[in-house]
Amino acid sequence: MAKLTDEEKSIFPLTNVESVVKLFKLHLERNEEPNLAICSIIIGCIENTLTCSRSFDIPEETDEDESDTCKNALLTKLPIVEYDCVDALYQRFLSIIKAHIDVTAFGTPEFATRELVKRVSDVVWCTLSSSYYKDRAHLQSIYSYMTGAKLDSSGTTLAVVASLQALGYHDAHLALSEDHTWVVCGENGGNNCRSKGNEDKRGIPVTEEVYSKSWLYVNGRPVVCTRHMEVATIISNMNPGINATTDSEEVILLQQALLWLLYDSGHLAKYPMAIDNLADLEEMSSTIGRSPATKLYEEAILSNIRYYGNQHVYPYTYLGGYCYRNRHYKLALRVWAKAAQVIRNYNYSRDDEEIYKEFLEIATELIPHLMRTSSSSNYRGCCVTSDPYCFAAFLEFYDGICGWEENSPTPVLHIGWAKALLTSIAKFDSGVRSKVTITCVEDPTEEEEELEKGEPSVFGCFSTEDGAGHTGATHDQNGNTPTPLSAFLEETVTSSKRRRCPEPSVRLYSAKMRGLKDLLLGDKLNSQAISLQLTAQSQVTLTKKRERGVTLNTSEADHSHQIGRSKRTRRDT
């Protein structure tokens with residue numbers, strides 16, 4: 001584990017964004033094993049000072065040329081961070097870990113074991129204060145751990161990995177799903193285990209029985225971090241919120257600059273969530289000379305497809321939120337449909353609360369709003385409700401939700417979902433609905449066969465060149481091939497261009513939506529029949545009842561970036 005060199009120490013005191021970026025750049029480039037504890041302490045110190053106490057003077061705003069924007073952003077004043085303070089907190093962290101953990105008691109293993117992970121987890125948990133709410137903001141850093149004995153869920157797992165690093169175990173890494181974290185260790189990363197929760201559950205493995213069909217574990221396709229990606233996690237989890245309505249501009253600028261540093265070094269290539277966070281920041285305040293937010297959203301989706309078998313949902317909901325906020329309603333609807341088709345691969349459980357709320361908001365608030373807005377104002381000449389392709393995407397969205405519910409121990413759809421569907425579908429007249437070809441698929445393997453025959457890609461119909469999807473072979477800084485999304489956002493969709501796309505069609509996989517086929521295409525909508533069919537109790541087939549101790553085999557990551565994104569979406573509704 002690398003300590004700070006004399007050259008790195010000479011950068012202290014840290015007084016602005018530029019000095020922090022310079023320190024991280026030097027530390028990350030020099031070391032294969034960047035010091036997680038020190039990085040987390042520095043970031044946590046700055047974030048907590050800016051958001052919790054605001055106990056330093058903020059410089060007054062001055063007039064500046066646009067050409068100096070990047071330079072002035074780097075010179076943004078931050079609370080002063082002295083090396084002595086960082087080192088004192090780091091030494092305290094080491095003393096706690098080394099005083100309570102004797103690796104010789106475990107046979108001094110060459111690689112971290114589940115027993116060792118459990119012991120480290122016990123130490124971290126036993127040294128936390130019991131008198132606070134663990135879902136509060138700004139508790140994800142080791143700075144919070146050292147100054148207040150407080151950590152949220154993701155912070156606890158980070159502390160465990162940082163402790164194992166301090167003990168000399170370089171094989172222990174963070175594993176990240178879209179809402180949870182756990183520890184992966186062993187010679188080839190073959191061991192994965194829980195790092196928090198009740199004492200008797202810490203250290204138990206995440207088996208195939210647990211992760212199969214589980215969104216909590218993304219079907220066994222989590223982001224398994226390298227050390228540099230763990231630094232990216234520390235930065236990505238920064239929370240700029242001062243209160244429910246106000247964010248710290250300084251924290252945002254620092255987070256943005258550090259994420260670009262990691263992006264340029266290629267450390268975000270396999271980290272879709274971090275790319276999406278950077279895209280969100282660029283959407284709020286673009287950096288001159290950098291890729292636009294649209295391109296970054298594309299990269300996150302392509303990273304998900306390339307490295308994680310398209311098992312992650314948030315890359316699509318991030319992009320869908322962007323399209324919605326910028327009134328690209330047709331594209332928003334299609335991207336949300338793709339998100340729903342990803343969630344169709346899972347079985348819903350009570351532990352999926354975060355993604356459930358995401359889809360519920362899309363279905364009951366955002367889609368009805370864009371339907372009303374588009375149909376009333378014919379925005380940009382692109383009325384959603386007169387477009388059969390949008391109707392196909394609408395059906396695909398609900399088909400994914402119904403597929404998520406099938407064979408799940410807990411129902412998803414209730415009357416609220418049904419009312420939203422009926423309100424929205426009534427906006428499409430029978431002439432539009434009749435133009436969509438619906439194919440009922442009972443065997444999901446048929447989809448794979450269709451794709452092998454050359455089915456258009458995720459953004460196939462969005463191309464301005466042809467219906468095949470990608471229009472060029474250029475690559476971004478992460479080595480991914482971009483989709484033609486950016487071009488699509490800049491064009492006004494006309495009927496002549498639309499004719500280049502395949503005819504509107506949709507494949508329905510869920511039993512509920514297949515049963516609704518005739519009702520959906522009828523001249524008149526039978527609202528009562530549709531509602532009854534949609535909310536009917538699904539036929540649930542449980543293969544084996546999971547024990548509670550196994551299904552909770554995870555650590556709940558309190559991702560501040562997800563909270564911030566949802567807050568922005570609701571505010572723009």
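Computation of the quantities below employed the complete heavy-atom set of this structure, encompassing side-chain atoms and omitting hydrogens, waters and symmetry-equivalent molecules.
- Remark: the Asn347 side chain and the Asn407 side chain contain no N/O donor-acceptor pair separated by less than 3.5 Å.
- Counting heavy atoms from C-beta on, the side chains of Ile438 and Leu395 come closer than 4.5 Å.
- Remark: Lys419 pairs with no residue by the side-chain hydrogen bond (donor to acceptor under 3.5 Å, both in side chains) rule, at least two apart or across chains.
- The closest donor-acceptor contact from the side chain of Asn326 to the backbone of Cys323 lies at 3.5 Å or more, if one exists at all.
- With sequence neighbours left out, the side-chain hydrogen bond (donor to acceptor under 3.5 Å, both in side chains) criterion links Tyr308 to no other residue.
- For Glu282 and Thr287, the side-chain atoms include at least one donor-acceptor pair closer than 3.5 Å.
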Chi angles and distances behind the side chain to side chain contact (heavy atoms under 4.5 Å, CB included) call for Leu370, Trp336: CA-CA 13 Å; Leu370 70 83; Trp336 286 332; 3.5 Å; yes
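- Between the side chains of Tyr356 and Glu361, not a single donor N or O lies within less than 3.5 Å of an accepting N or O.
- Contact record, Ala269 with Ser303: O-OG, 2.7 Å, taken as the closest heavy-atom pair.
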Check against salt bridge (charged side-chain N to carboxylate O under 4.0 Å, His left out), Lys357 and Glu354: CA-CA 5 Å; Lys357 290 189 295 185; Glu354 289 302 316; 3.3 Å; yes
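- Going from atom CZ of Arg221 over to atom OH of Tyr307 covers 12.0 Å, rounded to the nearest 0.5 Å.
- The backbone N or O of His312 sits less than 3.5 Å from a side-chain atom of Asn304, completing a donor-acceptor pair.
- Taking both residues in full, the closest heavy atoms of Asn239 and Thr51 are given as O-CG2, 3.8 Å, listed atom of the first, atom of the second, then distance.
- Identified under the salt bridge (Lys or Arg N to Asp or Glu O under 4.0 Å) test for residues 390-403, with sequence neighbours left out: Lys338-Glu396.
- Counting heavy atoms from C-beta on, the side chains of Glu178 and Pro315 come closer than 4.5 Å.
- Between the Ser408 side chain and the Tyr348 main chain, a donor and an acceptor come within less than 3.5 Å of each other.
- Glu230 pairs by the salt bridge (charged side-chain N to carboxylate O under 4.0 Å, His left out) definition with Arg227, not counting sequence neighbours.
- For Asn219, the side-chain hydrogen bond (donor to acceptor under 3.5 Å, both in side chains) criterion is met by Gln311, not counting sequence neighbours.
- At a threshold of 4.5 Å between non-hydrogen side-chain atoms, the residues Met229 and Val223 count as touching.
- Taking CD1 of Ile235 as the start and CG of Leu258 as the end, the distance is 4.5 Å to the nearest 0.5 Å.
- The distance from the CG atom of Leu421 to the CE atom of Met513 is 6.5 Å, given to the nearest 0.5 Å.
- With rounding to the nearest 0.5 Å, the separation of CG in Leu253 from OG in Ser285 is 6.5 Å.
- In this structure, Arg344 is positioned above the aromatic face of Tyr509, its NZ or CZ under 6.0 Å from the six-membered ring centre and within 45° of the axis.
- Applying the side-chain contact (heavy atoms from CB on, under 4.5 Å) test to Ala339 and every residue at least two apart in sequence or in another chain returns Val313, Tyr316, Thr317, Phe359.
- Listed by chain and number, the residues in a side-chain contact (heavy atoms from CB on, under 4.5 Å) with Ala363 are Phe397, Tyr398, Trp417 (sequence neighbours excluded).
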Trace of the side chain to side chain contact (heavy atoms under 4.5 Å, CB included) decision for Leu525 with Ile425: CA-CA 9 Å; Leu525 293 173; Ile425 202 173; 3.7 Å; yes
Test side chain to side chain contact (heavy atoms under 4.5 Å, CB included) applied to Cys402 and Leu413, step by step: CA-CA 8 Å; Cys402 291; Leu413 298 156; 3.5 Å; yes
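- Distance CG/Leu262 to CG/Leu268: 5.5 Å, rounded to 0.5 Å.
- Separating the NE2 atom in His180 from the OG atom in Ser214 is a distance of 8.0 Å, to the nearest 0.5 Å.
- A side-chain donor-acceptor contact under 3.5 Å links Asn243 to the backbone of Thr246.
- Donor-acceptor pairing under 3.5 Å is recorded for the side chains of Asn277 and Tyr318.
- In this structure, a donor-acceptor pair under 3.5 Å is present between the side chains of Gln140 and Glu47.
- Shown here are the side-chain contact (heavy atoms from CB on, under 4.5 Å) partners of Ile252, two or more places apart in sequence or in another chain: Pro240, Asp247, Leu281.
- Residues His369 and Tyr324 have side chains that bring a donor and an acceptor to within less than 3.5 angstrom of each other.
- Within the 4.5 Å cutoff, the side chain of Cys225 has heavy atoms near those of the Leu176 side chain.
- Side chain of Arg433 to backbone of Phe428: a donor-acceptor contact under 3.5 angstrom is found.
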Worked verdict on Leu319 versus Val335 for side chain to side chain contact (heavy atoms under 4.5 Å, CB included): CA-CA 7 Å; Leu319 176 59; Val335 175; 3.8 Å; yes
Verdict with reasoning, Tyr271 to Thr233, per side-chain hydrogen bond (donor to acceptor under 3.5 Å, both in side chains): CA-CA 9 Å; Tyr271 200 158; Thr233 300; 3.0 Å; yes
Stepwise salt bridge (charged side-chain N to carboxylate O under 4.0 Å, His left out) check, Arg136 with Asp152: CA-CA 7 Å; Arg136 284 180 49 199; Asp152 64 11; over 6 Å; no
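- Checked by atom type, the side-chain pair Tyr297/Glu283 shows a donor-acceptor distance below 3.5 Å.
- Every residue two or more places apart in sequence or in another chain that forms a side-chain contact (heavy atoms from CB on, under 4.5 Å) with Leu422 is listed here: Ser527, Ile530, Ser531.
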Ring pair (Phe, Tyr, Trp, His ring centres under 6.0 Å) between Tyr346 and Trp404, intermediate numbers included: CA-CA 6 Å; Tyr346 298 105; Trp404 185 27; 8.5 Å; no
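- No side-chain donor-acceptor contact under 3.5 Å links Lys517 to the backbone of Thr439.
- Test Lys330, Lys427, Lys435 against Asp387 for salt bridge (Lys or Arg N to Asp or Glu O under 4.0 Å) and you get one pass: Lys330.
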Intermediate values then yes/no, salt bridge (charged side-chain N to carboxylate O under 4.0 Å, His left out), Asp280 and Arg325: CA-CA 11 Å; Asp280 261 5; Arg325 290 188 294 272; 3.7 Å; yes
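- Note on ring orientation: taking the six-membered ring where Trp is involved, the planes of Trp260 and Tyr263 are perpendicular (angle over 60°, cut-offs 30° and 60°).
- Applying the side-chain hydrogen bond (donor to acceptor under 3.5 Å, both in side chains) rule to Gln533 yields no partners; only residues at least two apart in sequence or on another chain are considered.
- In this structure, Asp429 contributes its side chain and Gly431 its backbone to a donor-acceptor pair below 3.5 Å.
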